[in-house]
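When reading the values below, keep in mind they use all heavy atoms of this one structure, side chains included, and skip hydrogens, waters and symmetry mates. Given the structure is predicted, the values throughout are model-derived calculations rather than measurements.
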Amino acid sequence: NELLSVAIDRSGKMIASTDMSGEIRVWSLGDNEKPVFHHLHESTHIVYPVFSPDGNKLILKSAGHDHFFSYDLRRPGAEPMRFLPRSWDKWFFSSFSPDGSWMVAPQGSTAEVWFFSLTGRTSVVKKIFPSTLDEAEYDFPSLILPGKKQFIAQRGFKELWLWDLLSEDPQCRLLIRHPEQRAVFGPVCDPSGRFVMARDSASGRAWLIPMDGREPRPLGGFDFPPNGIALSQDARLAAVGGRLVRDSERMSLIRLWDLETDEVTEIDPGHDHIIHGLEFMADGRLIAASDGGLRIWNPESGECEVLSTTAHLDLGHLSPDERFLLAASPAGVTLWNLEMKKERVLLLALDGLTCASLTPDAGFVLAGREDGELLALDLKSNELHHLLGHEGAVTFVEATPDGTGILSLGADGTLREWAMPQGRPLTSLPLDQLLETLHAQTNMRIVTDVETEEGYRIEYDRFPGWETVPEW
């Protein structure tokens, strides 16, 4: 194919080339027989390659789709990171700040200059489904299993599939297909990865799925589809909370199955409220969230501790030391301090929220939204970081075991790896600092104009440049 453009890195040891087919190659000048990086982009006419100052990143422009994208040359299997806005015409050469923390690109038709931060607020993107799989064949990736080597995806909501995570040749197998072709969803897993449980939208049962290949097993006996499901931390007990009708009266019930002896124990909450969420503690106690409040049950004695009589709509995550519990109530997302028996309403609205979890040190709450936004709430400063990148709903989010990173799955079929936010978010700055920061990152200026309907107009000023590279 016809060669379109080439670039040499600052060290003079690497050369990048692009051609008419969308093929990108990076060669080491010390060994020119085999490229050290090779990728076939989705579009043709890839032009304007630019190396970052340290040679670890390569920025290019797609003439066919009119957007810039970046490859991390240290991660050959990662998907490129795209820079928004997309599909605008007359983008020209990009360049890096001297320390490589910023990328800048001019937009010729409007005289705009765009700046993109490359530190902390961008993610490493990896496709989790093979390119040969039609997107219509899968639905939402729902859960990363312990060990971070496999994940569960819901296909058409009627099936759950187990996939290899980040394998060169990902394999999959069917875990369960609903016998009546109804929805099976909301999978949870025990810490050892021995079992998965899922909810059933069509009957008064849940499904227990052994991960050793044995057939799924229904756990039910309820008259309405149950909402609360949980597995004990030692994978010994499975709990299902639902409702049934006895003597023409509705009542709530929690059933616990001993997975070794098949013995069934029942807990009568003493109300007919919907049980929305269940969570086991290490000592076998069971936290239950319902329209009637939040309680901690002792299955052996049948006694409970009442934390709240206010409706709780779900349980999100229990910290490893069991001091903190993430929950949801009509007031919003809340954090319970189980030692002090106090509840804190967080700066997170339930509307549009799809998933949430706590970091191992309970320093951040991580939450995903249906619009693709990822939120990281610093619990000490109460400041909210916004991480953008997913093109579709965020379906799963959790911190890495060491707490320094974030893993998220999305309906766009990608796994994204983020650095845990550091410092203050842009939105928390005082107004004068916010305006100063924004002013330093664009040549667009808002000018008062009483003759326009909006009361202002946009002008494009000269960009004065930076004396010091901004932290944002």
Inset, instruction - Would you name the heavy atoms of Pro320 and Pro360 that are closest together and state the gap between them? - result: CD-O, 3.6 Å
Legend entry - Over 12 non-hydrogen atoms of neighbours within 6.0 angstrom of CG in Asp402: yes
Inset, instruction - Would you check if the side chain of Asp247 reaches a backbone N or O of Glu249 as a donor-acceptor pair within less than 3.5 Å? - result: no
Legend entry - Flag side-chain contact, heavy atom, 4.5 Å: Phe224 against Leu244: no
Legend entry - Distance-only side-chain donor-acceptor flag, Trp418 / His385, under 3.5 Å: no
Legend entry - Separation of Ser252 OG from Ile274 CD1 (nearest 0.5 Å): 8.0 Å
Legend entry - Residue Lys149 excluded, over 12 heavy atoms near NZ under 6.0 Å: no
Inset, instruction - Compare all side-chain heavy atoms of Leu415 with those of Ile144 and state whether any distance is below 4.5 angstrom. - result: yes
Inset, instruction - Please step through side chain to side chain donor-acceptor pair (under 3.5 Å) for the pair Asp200 and Trp207, ending with a clear verdict. - result: CA-CA 7 Å; Asp200 187 322; Trp207 291 93; 2.8 Å; yes
Inset, instruction - With the side chain counted from C-beta on, respond yes when Leu237 and Phe280 share a heavy-atom pair under 4.5 Å apart, and no when they do not. - result: yes
Legend entry - Nearest-0.5 Å distance, CZ of residue Phe151 to CZ of residue Phe396: 11.5 Å
Legend entry - CG-CG distance between Leu407 and Leu165, expressed to the nearest 0.5 angstrom: 8.5 Å
Legend entry - Closest non-hydrogen atom pair between Ala198 and Val184, with its separation: CB-CG2, 3.7 Å
Legend entry - Nearest-0.5 Å distance, OG of residue Ser70 to CG of residue Asn56: 10.5 Å
Inset, instruction - Scan side-chain atoms only and decide if Glu159 and His178 contain a donor-acceptor pair under the 3.5 Å cut-off. - result: no
Inset, instruction - Identify the two heavy atoms, one from Ala399 and one from Met420, that lie closest to each other, and give their separation to 0.1 Å. - result: CB-CE, 4.1 Å
Legend entry - Residue pair Leu346, Leu379: steps toward the side chain to side chain contact (heavy atoms under 4.5 Å, CB included) verdict: CA-CA 8 Å; Leu346 302 179; Leu379 293 175; 3.8 Å; yes
Inset, instruction - Return yes if some donor-acceptor pair links the side-chain N/O of Asn298 with the main-chain N/O of Arg285 below 3.5 Å, else return no. - result: no
Legend entry - Sub-4.5 Å side-chain heavy-atom contact between Leu253 and Phe222: yes
Inset, instruction - Can you establish whether the number of heavy atoms outside Glu303 located under 6.0 Å from its atom CD is more than 12? - result: no
Legend entry - Steps toward salt bridge (Lys or Arg N to Asp or Glu O under 4.0 Å) verdict (Glu398, Lys148): CA-CA 11 Å; Glu398 71 173 7; Lys148 311 296 186 271; 2.9 Å; yes
Legend entry - More than 12 heavy atoms of other groups within 6.0 Å of Tyr456 OH: no
Legend entry - side chain to side chain contact (heavy atoms under 4.5 Å, CB included) assessment of Leu326 paired with Leu318: CA-CA 6 Å; Leu326 199 60; Leu318 185 65; over 6 Å; no
Inset, instruction - Flag the pair Arg255 and Glu263 as a salt bridge only when some basic side-chain nitrogen lies within less than 4.0 angstrom of an acidic carboxylate oxygen. - result: no
Legend entry - Note, Val196 side chain near Asp190 side chain (heavy atom, < 4.5 Å): no
Legend entry - Considering all heavy atoms, the nearest Lys61-Phe69 contact: C-CE2, 4.0 Å
Inset, instruction - For Thr354 and Gly368, indicate whether the former's side chain and the latter's backbone hold a donor-acceptor pair under 3.5 Å. - result: yes
Inset, instruction - Supply the atom-to-atom distance His386 NE2 to Leu374 CG, rounded to the nearest 0.5 angstrom. - result: 11.0 Å
Legend entry - Separation between CG of Leu325 and CG of Asn337, rounded to the nearest 0.5 Å: 10.5 Å
Legend entry - Arg199 NZ/CZ over Phe185 ring centroid, <6.0 Å and within 45° of normal: no
Legend entry - Distance-only donor-acceptor check, side chains Glu343 and Thr334, under 3.5 Å: yes
Legend entry - Flag side-chain contact, heavy atom, 4.5 Å: Leu143 against Cys189: yes
Legend entry - Heavy-atom side-chain contact between Glu383 and Leu377 under 4.5 Å: no
Inset, instruction - Decide whether Ser192 and Arg194 meet the rule of one side-chain donor and one side-chain acceptor closer than 3.5 Å. - result: no
Legend entry - Closest non-hydrogen atom pair between Lys158 and Gln181, with its separation: CE-O, 3.3 Å
Inset, instruction - Mark yes or no for whether Arg205, through its side chain, and Ala202, through its backbone, hold a donor-acceptor pair below 3.5 Å. - result: no
Inset, instruction - Is it possible for you to check whether Arg344 lies under 6.0 Å from the centre of the six-membered ring of Phe324, through NZ or CZ, and within 45° of that ring's axis? - result: no
Legend entry - Minimum side-chain heavy-atom gap Pro269-Ile275 below 4.5 Å: yes
Legend entry - Side chains of Ser408 and His390, donor plus acceptor under 3.5 Å: yes
Inset, instruction - Before accepting this row, confirm whether a basic side-chain N of the pair Asp378/Lys380 lies closer than 4.0 Å to the acidic partner's carboxylate O. - result: no
Inset, instruction - Please assess Thr414 against Ile128 for the test side chain to side chain contact (heavy atoms under 4.5 Å, CB included), listing each intermediate value before the final yes or no. - result: CA-CA 5 Å; Thr414 64; Ile128 54 175; 5.9 Å; no
Legend entry - Side-chain donor-acceptor pair present, Ser142, Gln154, cut-off under 3.5 Å: yes
Inset, instruction - With side chain to side chain contact (heavy atoms under 4.5 Å, CB included) as the test, would you mind laying out the steps for Lys341 and Glu305 before giving the verdict? - result: CA-CA 10 Å; Lys341 307 296 188 284; Glu305 177 184 5; 2.5 Å; yes
Inset, instruction - Decide, yes or no, whether a salt bridge links Arg236 with Asp234 under the criterion of side-chain N to carboxylate O below 4.0 Å. - result: no
Legend entry - Within 6.0 Å of CG in Asp212, more than 12 heavy atoms from elsewhere: yes
Inset, instruction - Run the salt-bridge test on Arg217 and Asp262 with the 4.0 Å N-O cut-off and return the result as yes or no. - result: yes
